[in-house]
J.: 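Below is a structure I'd like to ask you about.
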Protein chains: 2
Amino acid sequence: MSKHLPEATLRRISLYLRSLSEWEQEGVQTVSSTRLAEAAGTTPATLRKDLNLLGSHGRRGVGYKIETLRPVLETALGLTQPWRVAIVGAGHLGRALSGYAGFTTRGFEVVAVLDASPEVVGTQTGERLVEDAAALEDIVKERGVTLAVLTVPGPAAQALVDRVAAAGVASILSFAPVAVSAPPGVHVNRVDLSTELQLLAHQAGPGLGERRA
Amino acid sequence: MSKHLPEATLRRISLYLRSLSEWEQEGVQTVSSTRLAEAAGTTPATLRKDLNLLGSHGRRGVGYKIETLRPVLETALGLTQPWRVAIVGAGHLGRALSGYAGFTTRGFEVVAVLDASPEVVGTQTGERLVEDAAALEDIVKERGVTLAVLTVPGPAAQALVDRVAAAGVASILSFAPVAVSAPPGVHVNRVDLSTELQLLAHQAGPGLGERRA
DNA sequence: CCGTGTGAATAAATTCACAGCA
DNA sequence: TGCTGTGAATTTATTCACACGG
């Protein structure tokens with residue numbers, strides 16, 4: 001159960017979980033691999049392989065019981081304890097994320113929004129006040145921050161990764177468009193909007209990109 | 001040259017391109033696979049494999065000449081023509097993206113920001129006015145939109161994918177936390193913030209997630 | 001010699017196909 | 001009969017190791 005799960009599988013588990021939660025609220029009790037796979041944009045075979053890595057929780061001829069499956073997925077993702085999130089960088093993106101419903105949905109709570117610019121510190125964002133990034137280390141300790149989201153300009157990212165990591169945060173999600181390095185044991189994931197756009201540009205066919213009227 | 005490039009390779013090419021552009025502006029003329037790989041967070045071997053899929057552009061004992069390599073990567077990504085982007089959904093995230101520097105940087109131009117809510121239509125966001133999503137089809141045609149970015153609530157996403165695709169847009173980047181289907185020939189990529197957070201939650205170690213004071 | 005180019009080996013992920021249980 | 005569980009086959013991606021040119 002504590003085997004190493006492939007990253008591809010984990011990404012899908014996150015999607016499975018979302019569908020399961022929706023259906024559970026609608027009173028659905030059971031799903032088949034076909035239905036759940038479709039909702040997550042994958043194939044039944046892949047789904048069954050994924051779920052089997054977590055043990056056998058389905059019943060042949062019936063499907064999976066949502067009530068028992070959901071906690072298994074949550075445990076696999078490490079959502080058993082709530083995560084305490086600090087958003088560093090209160091620009092457009094940081095503000096957008098601080099109000100992002102997905103945070104509060106399940107297992108994540110924003111406990112601080114920080115910025116280094118004096119003009120921004122003290123302003124309101126969603127339900128929080130923006131605080132001074134100079135107090136980062138103190139805030140991390142006082143509030144038990146376990147996850148940092150960096151929405152800062154590229155040049156500032158590495159220094160903040162260092163500070164955040166030194167303060168004891170082991171999980172970082174960075175939106176800065178630069179590669180950063182982190183000490184051992186600290187996980188940094190990147191979301192790169194440029195890369196996503198460029199990937200689409202390619203998929204539309206290399207050399208294309210315009211439409212003729 | 002027009003072979004099908006692996007997605008993993010394309011994502012990395014996007015990163016290579018960013019580093020190359022930076023260095024080119026600093027006057028650097030040549031890079032080795034080691035240096036470029038490090039900047040992109042990968043290994044020299046992988047990088048060389050990637051670049052070889054685009055043909056041989058390096059010189060043994062020297063490295064890669066940035067001036068010749070950059071356009072090769074841009075062509076591979078389909079960045080030869082500018083992309084005309086419509087952002088659909090002027091909530092927090094949509095507004096953040098409309099001001100996102102990465103858009104304007106290379107090959108992407110935001111030509112419209114749309115929203116369905118009367119309260120939002122007409123307001124300013126960055127350098128644009130938010131327009132009525134009801135006019136989506138007209139705007140797509142008039143302005144030659146080639147890429148749509150959806151920052152709308154989950155329940156609205158599928159309908160908008162349908163409309164945008166029907167209007168002739170073949171590339172869609174969706175931030176909505178739902179799987180959507182699209183007609184053949186239309187590419188939909190998703191960025192899912194919840195998934196990214198949950199992935200981090202797992203990496204920190206299943207069952208962890210709190211810190212003891 | 002340095003650093004690319006590349007075949008071969010390895011590892012990872014997906015798909016297939018079907019046996020087996022409710 | 002329906003749908004899961006799973007070994008085997010396949011495809012995809014990464015890593016290794018070294019020959020070769022400048």
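In this text the structure is predicted, and so the values were computed from the model without any measurement. Labels below follow one simple rule: chain letters A, B, ... track the order of the sequence lines, proteins then strands, and each chain is numbered from 1.
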J.: Please state how far atom CG in B:Leu51 lies from atom P in D:dA13, giving the value in whole angstrom units.
T.: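 So the two atoms are 16 Å apart, to the nearest Å.
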
J.: Round to a whole Å and report the spacing from CG of B:Asn52 to P of D:dT14.
T.: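 In whole Å, D:dT14 P and B:Asn52 CG are 15 Å from each other.
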
J.: Any chance you could measure A:Leu51, atom CG, to A:His57, atom NE2, to the nearest 0.5 Å?
T.: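 Answer for the CG-NE2 pair, A:Leu51 versus A:His57, is 8.0 Å.
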
J.: Does C:dG5 have OP1 or OP2 sitting under 4.0 Å from an N or O in the side chain of B:Tyr64?
T.: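 For C:dG5, OP1/OP2 do have a side-chain N/O of B:Tyr64 under 4.0 Å.
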
J.: Specify the separation, in whole Å, of atom CG of B:Leu10 and atom P of D:dT14.
T.: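 Result: 11 Å.
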
J.: Indicate the atoms forming the closest heavy-atom contact of B:Ala176 with B:Ser174, along with that distance.
T.: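 Closest approach of B:Ala176 to B:Ser174: N-OG, 3.2 Å.
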
J.: Sugar-phosphate means primed atoms, P, OP1 and OP2; the rest is base. With that split, encode nucleotides 8-17 of chain C 5' to 3' as B, S or - using protein heavy atoms under 4.0 Å.
T.: B----SSB-B

J.: Decide, yes or no, whether a salt bridge links B:Arg11 with B:Glu7 under the criterion of side-chain N to carboxylate O below 4.0 Å.
T.: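 A salt bridge is present here (some side-chain N lies under 4.0 Å from a carboxylate O).
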
J.: Hey, is A:Arg18 close enough to A:Glu22 for a salt bridge, meaning N to O under 4.0 Å?
T.: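 No, no charged N to carboxylate O under 4.0 Å.
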
J.: Is any side-chain N or O of B:Ser32 closer than 4.0 Å to OP1 or OP2 of C:dG3?
T.: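 False: B:Ser32 side-chain N/O out of range (4.0 Å or more) of C:dG3 OP1/OP2.
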
J.: Atom CZ of residue position B:Arg143 - does it have more than 12 heavy atoms of other residues, nucleotides or ligands inside 6.0 Å?
T.: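 Above 12, so yes.
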
J.: Please list, for nucleotides 20-22 of chain D, all pairs of protein and nucleotide N/O atoms separated by less than 3.5 Å.
T.:
residue	atom	partner	partner atom	Å
D:dC20	O2	B:Arg60	NH1	2.9
D:dG21	N2	B:Gly61	N	3.2

J.: Would you mind reading off the distance between B:Leu69 atom CG and C:dT4 atom P, rounded to a whole angstrom?
T.: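 Going from CG in B:Leu69 over to P in C:dT4 covers 11 Å.
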
J.: Give the rounded distance in Å between these two atoms: CG of B:Leu36 and P of C:dG5.
T.: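 After rounding, the gap between these two atoms is 13 Å.
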
J.: For the residue pair B:Thr75 and B:Thr80, confirm or rule out a side-chain donor-acceptor distance under 3.5 Å.
T.: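 Distance-only check fails for B:Thr75 and B:Thr80.
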
J.: Go through the steps for A:Leu69 and A:Lys65 under the test side chain to side chain contact (heavy atoms under 4.5 Å, CB included), then give the verdict.
T.: CA-CA 6 Å; A:Leu69 186 56; A:Lys65 195 176 177 187; over 6 Å; no

J.: Starting at atom NZ of A:Lys65, determine the distance to atom P of C:dA22, rounded to an integer number of angstrom.
T.: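 Computing the A:Lys65:NZ to C:dA22:P distance gives 16 Å.
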
J.: So with a 6.0 Å cut-off around CD of B:Gln158, is the heavy-atom count from everything else above 12?
T.: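 Check passes, neighbour count above 12.
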
J.: Ion pair present between B:Lys141 and B:Glu137, side-chain N to carboxylate O less than 4.0 angstrom?
T.: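 No, this pair does not count.
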
